[in-house]
There are 2 protein chains.
Amino acid sequence: MATDTKQRILDTAERLFAERGYAATSLRHIIAAAGVNLAAVHYHFRSKQELLKAVVARRIEPINRERIRSLEAAEREAGPEGPSVARILEAFLLPVFEASRHPDFEPSVFPRLFGMLYGESGDEVREFFVQEMQAVAARFFSALSRALPHLPEEEIYWRMFFSVGVIAHILRGGQELKLLSQGRCDFSRWEELAPRAVDFLAGAFAAPARTESHKVHG
Amino acid sequence: MATDTKQRILDTAERLFAERGYAATSLRHIIAAAGVNLAAVHYHFRSKQELLKAVVARRIEPINRERIRSLEAAEREAGPEGPSVARILEAFLLPVFEASRHPDFEPSVFPRLFGMLYGESGDEVREFFVQEMQAVAARFFSALSRALPHLPEEEIYWRMFFSVGVIAHILRGGQELKLLSQGRCDFSRWEELAPRAVDFLAGAFAAPARTESHKVHG
DNA sequence: GTCTATATGGGGATAGAC
DNA sequence: GTCTATCCCCATATAGAC
């Protein structure tokens, strides 16, 4: 079949990039696992870097669509005062977590891919990623600004940035947590993890803005 | 000099690992930038992986000592009820941020190294890292448990884990933030960033624990 | 401790037949 | 669209002279 090879390359590359990182995964690993020919990778995608972009684009686009859809639904339901911070955060977080249960691919493969994106990948791929996120970030910034009118704009951006750190860290899988908590925490149930993260971040957004004169040690 | 070569390798490897990642940085890049011979790397360190461990160990040990020292100072000052969550978080966060101003190396080099550690690095190096963090994590877990007696132990671990995500994301440098905030946020002043992160996380720890029956969409 | 030289293997990319 | 064969470069690691 025409597209079968291309799909197999995408699926396998996604899995291996997520498991081992971008630089540490060679095209030869990918073609061996996918059962395709090396030249096919360069035929369907032009280079390893373009392959990574294709892998990312395939997942991020539906997720960002769902984020916007969910946020707009929340805004319709909420009336003029706008949705709560918790509801806005849900609109941002849940689509990612739910994507990990998509039938197209094994659970937990794709989230780690995104976690990896933040740590690794060259400047060009990161730029591409930022470009994909720009519209979504602006949209959520507006919603959060309305829900938190007392916070300076700059502070909203910082807190969004910190929140992305939490998400990326969760997606990265956190083998450390299981060890450091002596087995008390693990990642097997995503549906429990998302509410925890939402609560945590809602609390963080509720923190007052520090006044300029406030000293660190209080 | 005897130790000069070893130091130069360590310094250069630290910088390059931080800038480009572990897998993407070859020993040849390192020796070229350091002006030393390839064989010297294998003489002083046994392998590339051991070199990474050495790089990490050199920085993490004084930081973790300072974290413990600062936490103990806070506990002495606070009396029987123990220090506040914000003060505990400062004890954990500030040593990392302040390490970036150490005269030994260029600012902002080392923090990115730690940011990278979470995203990349093989299982063995991550295991080594967890081992280095175990005692510190246990110590801060105790302090946070005392400050937040209403939270289940498991929840404290989760929130510590989320917090590490924030730190790692900050350390990774966040070129995205500057772009997404249209230039309003940048990372040039670390001394302003740390209080922001402390406030954010203190708010997050102050969030109530979600009861089991609570539904996601409220 | 430091060098040169080399062993040994893997990397991305491409040409050209089918 | 898919294959084989190959170009050319780079990787980590080591042996052995100095």
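Naming convention: chains lettered A, B, ... in sequence-line order (proteins, then strands); numbering from 1 in each chain.
- Nucleotide C/dA13 holds its P atom 13 Å from the CZ atom of A/F45, rounded to whole Å.
- Of the possible polar contacts, none joining the A/S70 side chain to the A/E66 backbone as a donor-acceptor pair under 3.5 Å is found.
- Protein atom NE2 of B/H44 is 8 Å distant from nucleotide atom C1' of C/dT2, rounded to whole Å.
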Extract from the structure each pairing of a protein N or O with an N or O of nucleotides 15-18 of chain C at less than 3.5 Å, listing the distance.
none

Check: residues 22-39 of chain A side-chain donor-acceptor pairs under 3.5 Å, at least two apart:
{"unit_1": "A/Y22", "atom_1": "OH", "unit_2": "A/Q49", "atom_2": "N", "d": "3.3"}
{"unit_1": "A/T25", "atom_1": "OG1", "unit_2": "A/L16", "atom_2": "O", "d": "3.3"}
{"unit_1": "A/T25", "atom_1": "OG1", "unit_2": "A/G21", "atom_2": "O", "d": "2.7"}
{"unit_1": "A/S26", "atom_1": "OG", "unit_2": "A/R28", "atom_2": "N", "d": "3.4"}
{"unit_1": "A/S26", "atom_1": "OG", "unit_2": "A/H29", "atom_2": "N", "d": "3.1"}
{"unit_1": "A/S26", "atom_1": "OG", "unit_2": "A/H29", "atom_2": "ND1", "d": "3.2"}
{"unit_1": "A/H29", "atom_1": "ND1", "unit_2": "A/S26", "atom_2": "N", "d": "3.1"}
{"unit_1": "A/N37", "atom_1": "OD1", "unit_2": "A/A39", "atom_2": "N", "d": "2.8"}

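- Between B/E132 and B/R59, none of the side-chain N atoms (NZ, or NE/NH1/NH2) sits under 4.0 Å from a carboxylate O, so this pair counts as no salt bridge.
- Going from atom CZ of B/R20 over to atom C1' of D/dA11 covers 14 Å, rounded to whole Å.
- Phosphate proximity of C/dG12 to A/S47: absent, as no side-chain N or O sits under 4.0 Å from OP1 or OP2.
- As a whole-Å value, the separation of A/L38 CG from D/dC3 C1' is 11 Å.
- Rounded to whole angstrom, the span from the CD atom of A/Q49 across to the C1' atom of C/dA13 amounts to 14 Å.
- Look at CD1 on A/I31: it is 14 Å from P on D/dA5, rounded to the nearest Å.
- Checking side-chain atoms of A/R159 against main-chain N and O of A/A207 turns up a donor-acceptor pair under 3.5 Å.
- For the pair B/K53 and B/R46, the minimum side-chain heavy-atom distance is 4.5 Å or more.
- The shortest distance between side-chain heavy atoms of A/M160 and A/F92 does not fall below 4.5 Å.
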When you compare the protein's N or O atoms with those of nucleotides 7-11 of chain C, which come within less than 3.5 Å of each other, and at what distance?
{"unit_1": "C/dG11", "atom_1": "OP1", "unit_2": "A/S26", "atom_2": "OG", "d": "2.7"}
{"unit_1": "C/dG11", "atom_1": "N7", "unit_2": "A/R28", "atom_2": "NH1", "d": "3.4"}

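- If you measure from atom CZ of A/R8 to atom P of D/dG1, you get 15 Å, rounded to the nearest angstrom.
- For B/T5, a side-chain nitrogen or oxygen approaches OP1 or OP2 of C/dT2 to under 4.0 Å.
- Ring orientation note: the planes of A/F162 and B/F200 are nearly perpendicular, at an angle over 60° on the 30°/60° scale.
- In this structure, A/F141 and A/Y157 have parallel ring planes: the angle between them is below the 30° cut-off, well short of the 60° mark.
- For B/H42 and D/dT14, the shortest distance from a side-chain N or O to OP1 or OP2 is not below 4.0 Å.
- Under 4.0 Å is where a charged nitrogen must lie from a carboxylate oxygen, and between B/E72 and B/R69 no such pair does.
- Computed from coordinates, the A/N37 CG to D/dT4 P distance equals 6 Å when rounded to whole Å.
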